[in-house]
Amino acid sequence: MKFLDQVKIYIKAGNGGDGSPSFRREKFIEYGGPDGGDGGNGGSVILKAEKNLNTLIDYRYQQHHKAKRGDNGSGQNRTGKSGENLLLKVPLGTQVFEEDNKTLIFDFVKVGEEFVAAIGGKGGLGNTRFKSSTNRAPRKFTKGTHGEEFTIWLQLKTIADIGIIGLPNAGKSSLLAAITNANPKIANYQFTTLNPNLGVASYDNNEITIADIPGLVEGAHKGTGLGTQFLKHIERCKSLLHLIDITNNDLKKSYKQIKSELKNYSTKLIKKKELVVLNKIDLISDKDVKKIVKDFSKSIKSEVIILSTIEKKSVSKIKAKLIEYAS
């Protein structure tokens, strides 16, 4: 499935049906009174957050969405049928913006939330409504009103308990695959992950949602390497797992590079709880691991732990730790 986290769509609610100007016409009733029914209301356009969606790709291929109009009223005081509402499903974390793509209208933060994006038109009144003691045969009726129509933007910001960040090829996809039910693409080269991946980790009767954010390169906050598109998915994560390849020649530099990109994008990001994980310890000796961890831990304030995604004990340990950081 292709990933898309921003799309522009046109929505149109249904118009209301017209009222009827009908008069009663029956055998042996020479002067039947007005019996025109009201028009039906137009359908509204409703957005609803769904748990099992994680992309807006469907809206790339269908960008115009219209609800049904209400039927016209008819004789014998029959009201026209109301138009059906149009339900558009969006992923949890979707934000709705006005046409300027800056003014936020609604933010979906709970599964099942609904937002009426465009209200259907009201049905018109039939001539029966205008009957009075002084006007026994009114010919007046009203037409249905137009349904609302807008051009809106949908933007998706991933909602997860833990966001995995780090430089390209740090092993983020391998970690996500090891601790969750996700199946991200894994290979030994940079930028394997081009879109955020979501997975659910279960441990000791607890579940947490984890997002693998594509590798951040220098200048990401300015858009380098699609950086700003990726950084916005970190904003909603409760905590961050900062993954670093322990075989990197300069761990401190790698750590500071990512922290700098987060800070330059938003100061809120560097205030989040952070767990630093030194990955790929199976590639070097235990003696070197201890020395590297001791030296590196002195330079940062965050908690530091080690990991090998091919060792079950190591994977279980990090799952338990992430439960703490997700609360």
Side-chain angles (χ1 to χ4, degrees), residues 5 93 157-176 179 184 190-199 208-281 283-284 289-309 317-318 321-327:
D5 59 6
K157 285 187 178 181
T158 303
I159 294 180
D161 296 310
I162 306 290
I164 306 176
I165 59 173
L167 292 172
N169 209 30
K172 297 185 296 298
S173 296
S174 296
L175 173 59
L176 187 71
I179 63 179
Q190 293 188 349
F191 297 110
T192 304
T193 304
L194 297 178
N195 306 304
N197 289 307
L198 281 176
I208 55 173
T209 307
I210 301 174
D212 165 24
I213 310 299
L216 301 175
V217 296
E218 188 173 354
H221 68 281
K222 298 178 181 178
T224 303
L226 301 179
T228 53
Q229 292 185 29
F230 298 154
L231 281 164
K232 70 180 181 182
H233 290 282
I234 306 173
E235 290 183 285
R236 299 201 193 239
C237 297
K238 294 178 182 177
S239 301
L240 302 178
L241 187 160
H242 192 156
L243 196 66
I244 303 176
D245 184 346
I246 198 170
T247 65
N248 194 302
N249 293 328
D250 194 337
L251 298 185
K252 295 177 184 178
K253 181 180 178 181
S254 299
Y255 176 79
K256 289 180 179 179
Q257 180 179 327
I258 296 297
K259 295 292 283 186
S260 176
E261 294 303 326
L262 297 181
K263 181 179 180 181
N264 288 327
Y265 179 77
S266 172
T267 54
K268 293 180 180 179
L269 296 183
I270 60 171
K271 295 179 181 178
K272 291 181 180 291
K273 290 190 294 183
E274 178 190 55
L275 174 65
V276 178
V277 179
L278 299 181
N279 189 27
K280 303 181 183 181
I281 60 170
L283 299 180
I284 59 177
V289 169
K290 292 179 181 178
K291 183 178 184 302
I292 292 172
V293 172
K294 183 178 180 181
D295 292 340
F296 180 68
S297 298
K298 294 177 182 178
S299 62
I300 65 173
K301 297 179 181 179
S302 301
E303 181 179 4
V304 179
I305 64 173
I306 56 177
L307 170 72
S308 170
T309 56
K317 182 180 177 181
I318 195 170
K321 183 62 67 174
L322 291 179
I323 296 294
E324 296 178 21
Y325 276 79
S327 60

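The first residue of the sequence shown is numbered 1, and numbering continues consecutively from there.
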Show the numbers, then the answer: is there a side-chain contact (heavy atoms from CB on, under 4.5 Å) between Leu269 and Lys263? CA-CA 7 Å; Leu269 296 183; Lys263 181 179 180 181; over 6 Å; no
To the nearest 0.5 angstrom, please state how far the [atom1] atom of [X] sits from the [atom2] atom of [Y].
{"X": "Lys172", "Y": "Leu167", "atom1": "NZ", "atom2": "CG", "result": "7.5 Å"}
{"X": "Ser266", "Y": "Lys271", "atom1": "OG", "atom2": "NZ", "result": "8.5 Å"}
{"X": "Leu251", "Y": "Ile300", "atom1": "CG", "atom2": "CD1", "result": "9.5 Å"}
{"X": "Leu283", "Y": "Asp245", "atom1": "CG", "atom2": "CG", "result": "7.0 Å"}

Only one of Lys238, Lys259, Lys301 forms a salt bridge (charged side-chain N to carboxylate O under 4.0 Å, His left out) with Glu274, so which one is it?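 Of the listed residues Lys238, Lys259, Lys301, the salt bridge (charged side-chain N to carboxylate O under 4.0 Å, His left out) partner of Glu274 is Lys259.
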Donor-acceptor pair, [X] side chain versus [Y] backbone, under 3.5 Å?
{"X": "Lys280", "Y": "Thr309", "answer": "no"}
{"X": "Lys272", "Y": "Cys237", "answer": "yes"}
{"X": "Ser299", "Y": "Phe296", "answer": "yes"}

Could you walk me through whether Ile210 and Leu175 satisfy the side-chain contact (heavy atoms from CB on, under 4.5 Å) test, starting with their C-alpha distance in whole Å, then the side-chain angles of each, then the deciding distance to 0.1 Å, before giving a yes or no? CA-CA 10 Å; Ile210 301 174; Leu175 173 59; over 6 Å; no
So, do Ile162 and Leu275 sit near enough that their side-chain heavy atoms are less than 4.5 Å apart?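 No - every pair of side-chain heavy atoms lies 4.5 Å or more apart.
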With heavy-atom distances below 4.5 Å as the criterion, would you say the side chains of Ile284 and Ile292 are in contact?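 Ile284 reaches Ile292 side chain to side chain.
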What heavy-atom pair brings [X] and [Y] nearest, and what distance separates the two atoms?
{"X": "Thr267", "Y": "Ile270", "result": "O-CG1, 3.1 Å"}
{"X": "Ser239", "Y": "Lys273", "result": "OG-CE, 3.3 Å"}
{"X": "Ser254", "Y": "Ile244", "result": "CB-CG2, 4.5 Å"}
{"X": "Ile208", "Y": "Ala326", "result": "CG2-CB, 3.4 Å"}

Within 6.0 Å of CG in Asp250, more than 12 heavy atoms from elsewhere: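 Enclosed: over 12 neighbouring heavy atoms sit under 6.0 Å from CG of Asp250.
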Using the rule side-chain contact (heavy atoms from CB on, under 4.5 Å), only one of Leu243, Val304, Ile305, Thr247 pairs with Leu278; which is it?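 Exactly one candidate clears the test, Val304.
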List the steps, then state whether side-chain contact (heavy atoms from CB on, under 4.5 Å) holds for Leu322 with Ile179. CA-CA 10 Å; Leu322 291 179; Ile179 63 179; 3.8 Å; yes
Using 30° and 60° as the class limits, which term best fits the ring planes of His242 and Tyr255: parallel, tilted or perpendicular?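 Answer is parallel, since the angle falls under 30°.
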One pair to check against side-chain contact (heavy atoms from CB on, under 4.5 Å): Val293 and Ile281. What are the steps and the verdict? CA-CA 11 Å; Val293 172; Ile281 60 170; over 6 Å; no
